[in-house]
**Student:** 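Please see the structure below; I have some questions.
Note that the structure is a prediction, hence the values are computed from the model and not measured.
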Amino acid sequence: MTTSSPETHHFRPLTLHKVALWLIAVAVVIVVIALVFLLAHQRTTGVLSQNLHTVFWYFDVGREYNMATWYNSGLWLLMGALSAAIAVARSTHRRSWWLLTAVALFASVDEYLEVHERLDLPADRLFERLPFDLGFSWVLLGAPIALVIGLLLLRLVLALPARARNGLILGGALFLLGAIGVESVNGMILAGNDHIVDNAFIYGTMVEELLEMSGVAVAFASLLSLFQHDARNGTLRLDPTVLPPLRLQERASAPR
């Protein structure tokens, strides 16, 4: 029977649910501000209406280059940085960590540049064969790509501690529910309305983006929970279960 060093007991995982809830709360505030100023803009006229629309634009989750985009892109960037830090720490499944880093960094750029919508061009050929108008054809290629990435990362996710594993699965499910599920519904709503943007589409987009931001927030908090904190001196370390087991020589030279 092995016993842990007394020093080990001072390290505690960073709290997953509190971090996730705070990050989701910020996303909710962004969406609520956008909704309030949208309704106010639609119910006023003149200069006041224009000023209200300007504020709405800064928080509109359906647009690029604004506060909403900056926040979502920032979450992805932080997630990529955490994943890279874990990979550099010579963790197990190192290649998978680098893959997750690449995915997160690409998603951060995509939030600003909408790279995924460029999939419309190759997907249009498949789109023409559908018996219904999906609205956004990029989903036809985006969904299989997401599935492949998920399968490539599955081994890594299943090997993580339960709190991080369950958090990443939940975060991924929330993100895909918004990015693929609600996005497809919004596309059909837009197509059914002759591609004219109305309140139904705007509200649907708010739900979609809130799910996406919530998913990324939960996933980021899950990675953060792999780090442990020593409250006595403020030291951080990576969860030892994520690191490969020490070799015999390393064990012999390790401090006791």
Side-chain angles (χ1 to χ4, degrees), residues 24 27-43 53 56-73 75-76 103-104 106-151 153 168-219:
I24 293 173
V28 171
V29 169
I30 291 174
V31 172
V32 169
I33 291 175
L35 178 61
V36 169
F37 279 90
L38 170 66
L39 295 176
H41 156 68
Q42 293 177 340
R43 286 162 173 74
H53 184 270
F56 165 67
W57 185 91
Y58 282 121
F59 292 90
D60 181 10
V61 293
R63 297 177 185 267
E64 309 304 318
Y65 312 114
N66 61 12
M67 289 295 296
T69 307
W70 172 79
Y71 180 68
N72 205 6
S73 178
L75 282 180
W76 277 114
V103 170
F106 173 81
S108 178
V109 174
D110 181 54
E111 283 298 323
Y112 253 87
L113 302 181
E114 293 186 314
V115 179
H116 68 276
E117 295 194 3
R118 305 302 186 272
L119 293 176
D120 280 343
L121 296 177
D124 280 342
R125 296 181 180 179
L126 297 174
F127 184 73
E128 295 173 354
R129 301 181 181 181
L130 291 178
F132 54 89
D133 192 345
L134 192 58
F136 299 127
S137 60
W138 73 265
V139 175
L140 296 176
L141 291 181
I145 291 175
L147 177 62
V148 170
I149 292 175
L151 291 175
L153 293 175
L168 282 174
I169 292 175
L170 175 60
L174 287 173
F175 180 82
L176 292 177
L177 178 61
I180 302 296
V182 180
E183 174 88 347
S184 298
V185 174
N186 288 344
M188 289 186 283
I189 291 175
L190 188 63
N193 199 33
D194 295 326
H195 292 272
I196 297 174
V197 175
D198 59 3
N199 277 2
F201 177 77
I202 295 175
Y203 298 155
T205 301
M206 289 180 176
V207 173
E208 170 206 335
E209 294 293 336
L210 181 57
L211 285 170
E212 289 185 21
M213 287 189 285
S214 298
V216 180
V218 172

**Student:** If every non-hydrogen atom of Ala200 is compared with every non-hydrogen atom of Ile189, which pair is closest and at what distance?
**Tutor:**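 Shortest heavy-atom separation between Ala200 and Ile189 comes out as CB-CG2, 4.4 Å.
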**Student:** For residues Ile24 and Ser214, report the shortest heavy-atom separation together with the two atoms involved.
**Tutor:**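 Heavy atoms of Ile24 and Ser214 come nearest at CG2-OG, 3.7 Å.
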**Student:** Residues two or more places apart in sequence or in another chain: which of them pass side chain to side chain contact (heavy atoms under 4.5 Å, CB included) with Val197?
**Tutor:**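 With sequence neighbours excluded, Val197 shows a side chain to side chain contact (heavy atoms under 4.5 Å, CB included) to Leu190, Phe201, Ile202, given in chain and number order.
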**Student:** Table please: side-chain donor-acceptor pairs of residues 28-38 below 3.5 Å, with sequence neighbours left out.
**Tutor:**
none

**Student:** Supply the atom-to-atom distance Thr205 OG1 to Glu209 CD, rounded to the nearest 0.5 angstrom.
**Tutor:**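 One gets 7.0 Å once the value is rounded to the nearest 0.5 Å.
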**Student:** Within the 4.5 Å heavy-atom criterion, are Asn186 and Glu208 side-chain neighbours or not?
**Tutor:**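 Of all side-chain heavy-atom pairs linking Glu208 with Asn186, at least one is under 4.5 Å.
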**Student:** What closest approach, in Å, do Arg63 and Thr69 show between heavy atoms, and which atom pair accounts for it?
**Tutor:**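 Distance-wise, the nearest heavy atoms are O-OG1, 2.9 Å.
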**Student:** Can you measure from CD1 (Ile180) to CD (Glu212) and round to the nearest 0.5 angstrom?
**Tutor:**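 Atom-to-atom, Ile180:CD1 and Glu212:CD are 8.5 Å apart.
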**Student:** Of the non-hydrogen atoms in Ser108 and Ser73, which two are nearest, and what is the gap between them?
**Tutor:**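 Here Ser108 and Ser73 meet closest at O-OG, 2.8 Å.
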**Student:** When rounded to the nearest 0.5 angstrom, what distance separates CG in Asp110 from CD in Glu64?
**Tutor:**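 Between Asp110 CG and Glu64 CD, I get 8.0 Å after rounding to 0.5 Å.
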**Student:** If you take the centroid of each ring, where Trp contributes its six-membered ring, are Trp57 and Tyr65 closer together than 6.0 Å?
**Tutor:**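 No, they do not, as the ring centres are separated by 6.0 Å or more.
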**Student:** Testing the basics here: between Tyr58 and Asn66, what is the closest heavy-atom pair and its distance to 0.1 Å?
**Tutor:**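 Smallest heavy-atom distance, with atoms named: O-CB, 3.2 Å.
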**Student:** In the structure I gave you, are the side-chain heavy atoms of Asn199 and Gln42 within less than 4.5 Å of one another anywhere?
**Tutor:**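 Yes. Closest side-chain heavy atoms under 4.5 Å.
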**Student:** Does any non-hydrogen side-chain atom of Phe59 lie less than 4.5 Å from one of Met67?
**Tutor:**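 With C-beta onward as the side chain, the pair touches.
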**Student:** Supply the atom-to-atom distance Met206 CE to Asp60 CG, rounded to the nearest 0.5 angstrom.
**Tutor:**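 Rounded to the nearest 0.5 Å, the CE-CG separation comes out at 6.5 Å.
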**Student:** Just verifying a value: how many Å separate Leu210 CG and Leu174 CG, rounded to the nearest 0.5 Å?
**Tutor:**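 Going from CG on Leu210 over to CG on Leu174, the span is 9.5 Å.
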**Student:** Below 4.5 Å, heavy atoms only, C-beta onward: do Glu111 and Met213 meet side chain to side chain?
**Tutor:**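 Glu111 does not reach Met213 side chain to side chain.
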